[in-house]
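The figures that follow rest on heavy atoms only: side chains count, while hydrogens, waters and symmetry mates do not.
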Amino acid sequence: TGMSTDWYWEQDARFRFTAMEGELQERTGISNTEHFGKTRWDLPALNMSAADWTKHRATLDAHLAFSNLEMRRPDAGGRMHWVSVSGEPVFDAARKFTGYHGIGRDITERKQAEQLLADSEARFQDFARASGDWFWEGDAEGCVTWISDSIERFTGVPAQYYVGKRPQDLVSESEDTTGEAWRLRREARERQESYRDFRYRLRYPGGEKWISS
């Protein structure tokens, strides 16, 4: 366990902590001893709702193993830490249930990184909405993999319609895709370079519109 986790814990048949060994306090500032005699839900976990605890307790009542239960917990100074715990039921020689034991890890850095990424993506989405009519993403073959719902306001067609299609599949039948503009766009993509102000007539069920991409 020392190689795979930060701390080890044990509980009795009523799910009260009886042992806590390892680096919980060193990693998170949360005392080992404050756990003793308490259940997990007796301790603050700010991300866990009543429904979350009900689901977790049903797992324990059924004497099932659980893994990667994530909790947001404050230390004595009010600083927040994220921990992930996993556990297994323990039975004696007569197969009588005697409690749980398991491991825990400090995942604060990972959760902070995830939040920074989410915040960055949210800011990018805000920028995209402010600077254009819609935002899209595509794969290496040029197929649309995601497009913002705002396109429906302009075409009346749900965003899902465009997913999996290439500009060539959406262009007006009257447009020449062998022309100079299309050639320059293809070459830019082949060189993995950015391009802008590529204009073509978008075709969709019910109509066509000129767009700049």
Side-chain angles (χ1 to χ4, degrees), residues 4-5 45-52 54-56 58-59 64-72 80-86 105-213:
S4 62
T5 188
L46 304 186
N47 65 308
M48 296 289 286
S49 66
D52 292 330
T54 297
K55 181 179 179 180
H56 178 63
T59 298
L64 300 175
F66 66 92
S67 61
N68 300 321
L69 175 66
E70 297 185 356
M71 295 174 291
R72 183 171 178 256
M80 292 298 162
H81 302 267
W82 280 93
V83 301
S84 174
V85 295
S86 302
R105 292 182 296 119
D106 175 20
I107 59 170
T108 303
E109 288 188 3
R110 191 199 84 198
K111 298 295 285 190
Q112 289 174 340
E114 289 175 354
Q115 187 60 54
L116 286 173
L117 179 59
D119 291 344
S120 176
E121 289 179 346
R123 287 193 297 270
F124 183 71
Q125 296 286 358
D126 289 342
F127 170 77
R129 283 191 290 270
S131 61
D133 294 330
W134 61 81
F135 175 75
W136 60 270
E137 295 178 355
D139 62 18
E141 303 302 320
C143 293
V144 176
T145 56
W146 181 86
I147 191 166
S148 60
D149 292 336
S150 55
I151 194 172
E152 187 172 357
R153 296 200 305 268
F154 295 88
T155 66
V157 180
Q160 189 59 36
Y161 167 78
Y162 300 92
V163 175
K165 295 182 173 63
R166 303 168 300 166
Q168 297 94 312
D169 303 323
L170 298 167
V171 68
S172 170
E173 294 180 354
S174 62
E175 185 160 347
D176 179 12
T177 59
T178 64
E180 179 72 3
W182 284 86
R183 183 185 65 79
L184 292 175
R185 177 185 177 276
R186 283 194 295 269
E187 291 178 353
R189 289 185 56 83
E190 290 171 358
R191 294 191 299 267
Q192 299 181 6
E193 297 175 349
S194 60
Y195 63 88
R196 60 183 302 169
D197 296 331
F198 171 64
R199 301 180 182 184
Y200 67 97
R201 194 165 180 82
L202 177 69
R203 175 172 50 88
Y204 53 87
E208 296 182 354
K209 282 189 177 180
W210 280 100
I211 67 168
S212 176
S213 175

Quiz item: Given side chains that start at C-beta, do those of Trp182 and Glu175 come closer than 4.5 Å, heavy atoms only?
Solution: yes
Is the number of heavy atoms from other residues, nucleotides or ligands under 6.0 Å of [X] [atom1] greater than 12?
X	atom1	value
Arg199	CZ	no
Glu187	CD	yes
Glu173	CD	no
Lys55	NZ	no
Glu193	CD	yes

Looking at [atom1] of [X] and [atom2] of [Y], how far apart are the two atoms once the value is rounded to the nearest 0.5 Å?
X	Y	atom1	atom2	answer
Arg185	Glu180	CZ	CD	14.5 Å
Arg186	Phe198	CZ	CZ	8.5 Å
Tyr162	Ser148	OH	OG	11.0 Å
Asp139	Arg166	CG	CZ	10.5 Å
Leu69	His56	CG	NE2	5.5 Å

How close do [X] and [Y] get, heavy atom to heavy atom, and via which atoms?
X	Y	value
Thr145	Val163	O-CG1, 3.9 Å
Cys143	Gly164	SG-O, 3.9 Å
Asp197	Ser212	CA-OG, 3.2 Å
Pro158	Gly156	CD-O, 4.1 Å
Thr59	Phe66	CG2-CB, 4.2 Å

Quiz item: Can you tell me if Tyr161 and Thr155 form a side-chain donor-acceptor pair at under 3.5 Å?
Solution: no
[X] side chain vs [Y] backbone, donor-acceptor pair below 3.5 Å:
X	Y	value
Lys165	Leu170	no
Ser86	Asn68	yes
Arg203	Val171	yes

Exercise. Before giving the answer on salt bridge (Lys or Arg N to Asp or Glu O under 4.0 Å), spell out for Glu114 and Arg110 the whole-Å C-alpha distance, their side-chain angles and the decisive distance to 0.1 Å.
Key: CA-CA 6 Å; Glu114 289 175 354; Arg110 191 199 84 198; 3.1 Å; yes
Exercise. Could you give me the CA-CA distance, side-chain angles and deciding distance for Trp210 and Leu202, then say whether side-chain contact (heavy atoms from CB on, under 4.5 Å) is met?
Key: CA-CA 6 Å; Trp210 280 100; Leu202 177 69; over 6 Å; no
Quiz item: Mind checking what makes side chain to side chain contact (heavy atoms under 4.5 Å, CB included) contact with Arg72, not counting sequence neighbours?
Solution: Leu46, Asn47, Met80, Trp82
